[in-house]
Engineer: 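Starting off with a structure, shown below.
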2 protein chains.
Amino acid sequence: MLGSAAELLEQKNIKPTAMRQLVLDILRNNPQAISLLEIEQQLGHVDRSTVFRTLKTFQENCIIHKIDDGTGATKFALCSEGCSCNLGDLHAHFYCTKCGQTTCLKDHLIEQPVLPEGFNFESANYVIKGICADCR
Amino acid sequence: MLGSAAELLEQKNIKPTAMRQLVLDILRNNPQAISLLEIEQQLGHVDRSTVFRTLKTFQENCIIHKIDDGTGATKFALCSEGCSCNLGDLHAHFYCTKCGQTTCLKDHLIEQPVLPEGFNFESANYVIKGICADCR
DNA sequence: AATTGAAATGCAACAGGATTGCAAATTTAC
DNA sequence: GTAAATTTGCAATCCTGTTGCATTTCAATT
């Protein structure tokens, strides 16, 4: 992995403010996808809207991607190195109905779907639900 | 298609109340998936919670299925005839980023995914985003 | 037809997450 | 050092989903 959070941010031309470094560190230390609320709680006394905007910035710069796992709370996970948030980087996600954890299935790439005539593909959100290995 | 909404409801052993018939008619007349709010608006002065519970009943009886298309509002669409809401009936959905319509891609069935060791499949939500045929 | 019990409805209120406006603070450029 | 731009914090709001409870409707039974 790359160096510090600050370095990673600068590399993407994002001002490495304290908040951003903290949020990025959390995302980097978390193996699974996490929600805004979870980030908030891990940080302690931070402002939700600031974290919200930080995550927005990260998404716009392909540092993280968002996952709608159906729980109502959007989750976020770090992009892989070299990710350009294009079709080739799209992968499925797994939501464990027991522990509530959402995992990137980076090996389960999403291939360009066959669509009806006239339909145009842009992106996709594929969430598989079940019980994860830890919960069995 | 089967006869009246009332007949369809009775066939599923659901009391065909006025509300239920109205909601079912809307769902049957709508080619695309619609949200609770849209149903509410099409009906006029009805109570949200009643429609909500009606939709819940319909889901429990495999009359409709719900789709989380990432807009924040859950949408609902009529099940096909013979649907038993099992794996074999799972299909992808298409969300148009221009008009906001969500369409069932009934031909695009979801096949049992290959998961990492120890992971157990239950269900899946696959939403493809792009521009629909009408919006090009 | 009246009584009773169950189911359905309407109303109100609330919960949770996402999002915005605005002012204060911080950073950057000149 | 000052002005402009960016970022942050706070408060408020929107939107959707959901529940509690009293009332109404319906169906079965006497």
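In what follows, chains carry the letters A, B, and so on, assigned in the order in which the sequence lines appear, proteins first and then strands, with residues in each chain numbered from 1.
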Engineer: In whole Å, what is the span from the CG atom of L37(B) to the P atom of dT18(D)?
Structural biologist: 15 Å

Engineer: So among L24(A), T57(A), N61(A), which one has a side-chain contact (heavy atoms from CB on, under 4.5 Å) with L9(A)?
Structural biologist: L24(A)

Engineer: What are the two closest non-hydrogen atoms of D25(B) and A5(B), and how far apart are they?
Structural biologist: OD1-CB, 3.6 Å

Engineer: Could you list the residues that satisfy ring-ring contact (aromatic ring centres under 6.0 Å, His included) with Y126(B), not counting sequence neighbours?
Structural biologist: Y126(A), H108(B)

Engineer: Would you confirm whether T102(B), through its side chain, and A33(B), through its main-chain N or O, come within 3.5 Å as a donor-acceptor pair?
Structural biologist: no

Engineer: Just how far, in rounded Å, is P of dT25(D) from CZ of R20(B)?
Structural biologist: 16 Å

Engineer: State plainly whether the residues K129(A) and E122(B) are in salt-bridge range, i.e. N to O under 4.0 Å.
Structural biologist: no

Engineer: Please collect all ring-ring contact (aromatic ring centres under 6.0 Å, His included) contacts where either partner lies in residues 8-33 of chain A, sequence neighbours excluded, each pair once.
Structural biologist: none

Engineer: Which whole-number value in Å describes the distance from N13(A) CG to dT7(D) P?
Structural biologist: 12 Å

Engineer: Output the rounded distance in Å from CD (Q41(B)) to C1' (dC15(D)).
Structural biologist: 12 Å

Engineer: At the 4.0 Å heavy-atom cut-off to chain A, mark where contacts on DNA chain C begin and end, going 5' to 3'.
Structural biologist: dG17(C) to dT28(C)

Engineer: Taking CG from L36(B) and P from dC14(D), how many angstroms apart are they, rounded to a whole number?
Structural biologist: 19 Å

Engineer: Ignoring hydrogens and geometry beyond distance, is a side-chain donor-acceptor pair present between D89(B) and S80(B) at under 3.5 Å?
Structural biologist: no

Engineer: By a strict heavy-atom criterion of less than 4.0 Å, which residues belonging to residues 64-77 of chain B are in contact with DNA chain C?
Structural biologist: none

Engineer: What pairs of residues pass the ring-ring contact (aromatic ring centres under 6.0 Å, His included) test when at least one of them lies in residues 14-63 of chain B, not counting sequence neighbours?
Structural biologist: none

Engineer: Judged by atom type as modelled, is there a donor-acceptor pair below 3.5 Å linking the side chain of E38(A) to the main-chain atoms of S35(A)?
Structural biologist: yes

Engineer: When you measure from every atom of DNA chain C, which of residues 43-59 of chain A have a heavy atom less than 4.0 Å away?
Structural biologist: R48(A), S49(A), F52(A), R53(A)

Engineer: Which pair of heavy atoms, one from D68(A) and one from G70(B), lies closest together, and at what distance?
Structural biologist: OD2-CA, 3.2 Å

Engineer: Should we count NZ of K12(A) as having more than 12 external heavy atoms under 6.0 Å?
Structural biologist: yes

